[in-house]
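The model shown is predicted, which means the values in this text are computed figures rather than measured ones. The analysis underlying the following values was restricted to heavy atoms, covering all of them including side chains, and did not include hydrogens, waters or symmetry mates.
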Amino acid sequence: MDTRVKTHQSGGRDRAIVEKNRAGDDEFRVDVERIRFSPYFSRLSSVTQVIPQGGSGTLVHNRLTHSLKVSAVARSIAINLRSTDETTRRLISDLGDCDPVVVQAAAAAHDLGHPPFGHLGEQELDRVARNMLGLPDGFEGNAQSFRILTALDSCGATPRGMNLTRAVRAAVLKYPWTRNEWRSKGPIAPELLPRGVGTDPAAGAMKYSAYDIEAAEMADVLSVFPGIAQYQQTLECSVMDIADDIAYAVHDLDDFYRAGILQYTSVSAELRAWLEHAVAFKILKTSELDQRQPGHALELTWRRLVAKDPWIANPDAFRDSVQRVGHDLVDGLLAVPYDGGLQADRAVTAFTRRWIDRLQESVTVDRTPIVRSGHIRLSDEAWHDVVVLKFVHSRFVLDRSDLAVYQRGQTRIIRSLAEGFSTWLNDPDDAGRAPRRLLDSVEATTEEYRQLRETTPELFSQAGPNEIQRLGQARAIVDYIASFTDAQAVSLNSLLTGTSDSLWEAGRGL
């Protein structure tokens with residue numbers, strides 16, 4: 001008799017505070033709806049994904065539409081896994097299960113913490129948090145998502161946090177560690193580091209899923225998954241992560257093609273040059289590669305893959321993926337410029353559907369994955385495909401100077417907001433008139449740091465008498481700025497700098 005018990009029946013369905021649900025309500029379905037009804041979720045409709053809404057004549061993805069598509073892809077992967085062979089199903093059960101509803105909840109929540117202005121806004125808010133506000137663990141969108149679920153949002157059972165099940169909270173931990181826990185580790189080769197840590201652990205992890213004040217809660221939710229090794233995602237988190245990669249690699253190309261940003265000539269020249277001259281590129285030193293020359297940027301991408309992921313990087317598979325993407329994306333979709341007509345729309349839809357179907361069906365399950373992989377991952381072939389699709393995204397969209405100019409202007413807004421709110425809160429004559437939500441957040445966050453000092457006093461061994469209050473205020477400012485939409489950030493910065501034309505109306509409701 002099989003005596004194994006699924007994790008979700010022995011801890012994964014638990015909440016920090018016991019709630020009485022209506023008869024027939026599934027615990028995980030309650031979590032999905034709780035996330036979808038959150039104001040943090042609604043906010044995502046006005047947060048940039050990659051291209052700003054005003055920067056294109058067509059309707060482009062925002063963080064909300066991206067999250068909805070990640071949810072759909074993730075659910076399909078999870079359902080497909082339920083109809084796989086018996087050996088794989090038993091392995092999935094041993095590792096804690098992979099519930100499609102938990103996967104949906106994680107996908108809906110995975111981008112809640114992203115600040116205004118896309119990834120560059122995230123990078124700037126991290127710099128501001130560390131260098132200006134003095135937060136040791138800075139800012140990270142994934143950690144902010146976990147913080148929203150566990151502390152910033154609320155529900156009927158508690159004013160602090162959404163009181164979600166442990167399985168759902170664990171499923172958003174794409175990088176299940178804190179930034180600071182890596183600082184004490186010695187030099188480690190890049191191929192031995194978990195994906196997301198970066199190349200210099202002593203400087204702290206680049207990507208992480210919990211701040212120090214949520215570290216205990218992260219450890220608690222992961223404790224009900226004994227089959228998952230340290231620094232590994234739960235199965236549902238891996239599925240969400242894969243779906244995020246697929247949506248990012250495929251759906252965003254949809255935007256770029258419709259907006260006229262992806263051009264046949266430049267993309268074709270890059271891929272064809274690498275395919276034709278790959279042998280010649282091999283003998284060049286990295287310092288001799290010039291990204292202005294066709295094929296050189298793709299060669300640099302290949303070399304980075306070999307350095308970081310030798311466990312899977314395969315020259316033949318990479319070449320096949322370049323040929324496949326060249327045939328279907330370049331010679332297929334991009335060969336006919338988008339003109340807004342029905343035929344062009346059908347071509348985009350067919351391309352997107354074809355690649356989504358192929359990639360979401362190309363997953364495998366490993367009992368003991370390498371540290372840079374996960375228990376559920378893309379097949380080797382599909383992994384290389386995603387790498388090449390992401391390269392097209394990065395090289396021909398993110399690296400554009402016109403987008404960079406726009407984004408650099410946006411980062412100044414992030415810094416200006418942090419300076420303005422910090423100055424305000426430290427003004428002894430006017431701090432009491434700061435936005436009520438910000439003042440309440442300072443009080444609550446300061447209490448979180450007091451509790452952290454009680455449980456882990458070693459983190460504060462060098463702290464001065466006012467350190468707890470300072471950290472609470474700094475984290476509250478970061479929380480506040482991260483909760484804005486793009487438009488709110490622009491509007492509030494205009495108010496703080498005195499350049500708004502509607503000072504009274506625009507400032508109400510802060």
Side-chain angles (χ1 to χ4, degrees), residues 40 43-56 60-63 111-145 179 203-204 206-207 255 259 261 394 397-427 430-431 434-435 437-438 441-442 470 473-507 509-510:
Y40 287 92
R43 161 190 168 270
L44 296 179
S45 65
S46 299
V47 178
T48 295
Q49 169 72 3
V50 178
I51 303 174
Q53 189 69 60
S56 167
V60 300
H61 285 90
N62 52 51
R63 287 284 171 188
D111 266 356
L112 291 180
H114 271 286
F117 311 136
H119 287 290
L120 206 65
E122 181 179 9
Q123 293 170 10
E124 180 63 13
L125 189 53
D126 178 47
R127 283 192 290 266
V128 165
R130 288 183 290 111
N131 301 332
M132 180 193 300
L133 301 176
L135 285 170
D137 45 6
F139 173 85
E140 214 285 327
N142 293 281
Q144 194 70 16
S145 294
R179 169 175 250 163
M206 291 181 60
K207 292 286 187 180
D255 285 345
I261 292 175
S394 176
V397 179
L398 298 185
D399 289 348
R400 288 173 62 105
S401 59
D402 52 356
L403 180 61
V405 168
Y406 183 83
Q407 290 177 328
R408 289 187 67 82
Q410 291 176 323
T411 63
R412 294 175 64 89
I413 293 175
I414 295 287
R415 176 168 291 273
S416 177
L417 286 168
E419 290 174 342
F421 287 124
S422 179
T423 300
W424 195 352
L425 289 176
N426 288 290
D427 184 340
D430 202 35
R437 184 158 65 94
L438 179 56
S441 183
V442 170
R470 188 193 67 78
Q473 181 186 109
R475 179 59 65 194
I477 291 172
V478 170
D479 289 342
Y480 194 49
I481 294 173
S483 73
F484 297 156
T485 65
D486 292 10
Q488 284 175 323
V490 173
S491 176
L492 289 173
N493 185 60
S494 296
L495 290 172
L496 284 173
T497 56
T499 59
S500 175
D501 293 330
S502 52
L503 297 179
W504 173 251
E505 293 84 355
L510 288 178

Test side-chain contact (heavy atoms from CB on, under 4.5 Å) applied to Glu140 and Met206, step by step: CA-CA 8 Å; Glu140 214 285 327; Met206 291 181 60; over 6 Å; no

Residues Trp424, Asp430; criterion side-chain contact (heavy atoms from CB on, under 4.5 Å); working and verdict: CA-CA 7 Å; Trp424 195 352; Asp430 202 35; 3.3 Å; yes

side-chain contact (heavy atoms from CB on, under 4.5 Å) between Asp479 and Gln144, worked out: CA-CA 8 Å; Asp479 289 342; Gln144 194 70 16; 2.9 Å; yes

Side chain to side chain donor-acceptor pair (under 3.5 Å) assessment of Arg127 paired with Thr411: CA-CA 10 Å; Arg127 283 192 290 266; Thr411 63; 5.6 Å; no

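Across every non-hydrogen atom of Thr485 and Gln488, the tightest pair is N-OE1, 2.9 Å. Counting all heavy atoms, side chain and backbone alike, Asn62 lies closest to Leu44 at OD1-O, 3.7 Å. The minimum heavy-atom distance linking Pro115 with Leu125 is given by the pair CB-CD2, 3.9 Å. Closest heavy-atom contact between Ala489 and Ile413: O-CG2, 3.7 Å. For the residue pair Pro116 and Ile481, the shortest heavy atom distance occurs at CD-O, 3.5 Å. Taking each heavy atom of Leu438 and Ala476 in turn, the nearest pair found is CD1-O, 3.8 Å.
Across Arg179, Arg415, Lys207, a single residue satisfies salt bridge (Lys or Arg N to Asp or Glu O under 4.0 Å) together with Asp126, and that is Arg179. Of the listed residues (Ile477, Asn426, Val478, Leu133), just one forms a side-chain contact (heavy atoms from CB on, under 4.5 Å) with Phe421, and that residue is Ile477.
Between the side chain of Arg43 and the backbone N or O of Phe484 there is at least one donor-acceptor pair closer than 3.5 Å. The closest donor-acceptor contact from the side chain of Glu122 to the backbone of Gly141 lies under 3.5 Å. Listed for the Ser483 side chain is a donor-acceptor partner under 3.5 Å among the backbone atoms of Tyr480.
Note that the OG1 atom of Thr497 and the CD atom of Glu419 stand 11.0 Å from one another [nearest 0.5 Å]. From Leu496, atom CG reaches atom OG of Ser491 across 9.5 Å, with rounding to the nearest 0.5 Å.
A 4.5 Å side-chain heavy-atom check between Val490 and Phe117 finds at least one atom pair inside the cut-off. Using a 4.5 Å cut-off on side-chain heavy atoms (C-beta onward), His114 and His119 make contact.
Under 4.0 Å is where a charged nitrogen must lie from a carboxylate oxygen, and between Asp137 and Arg475 at least one such pair does.
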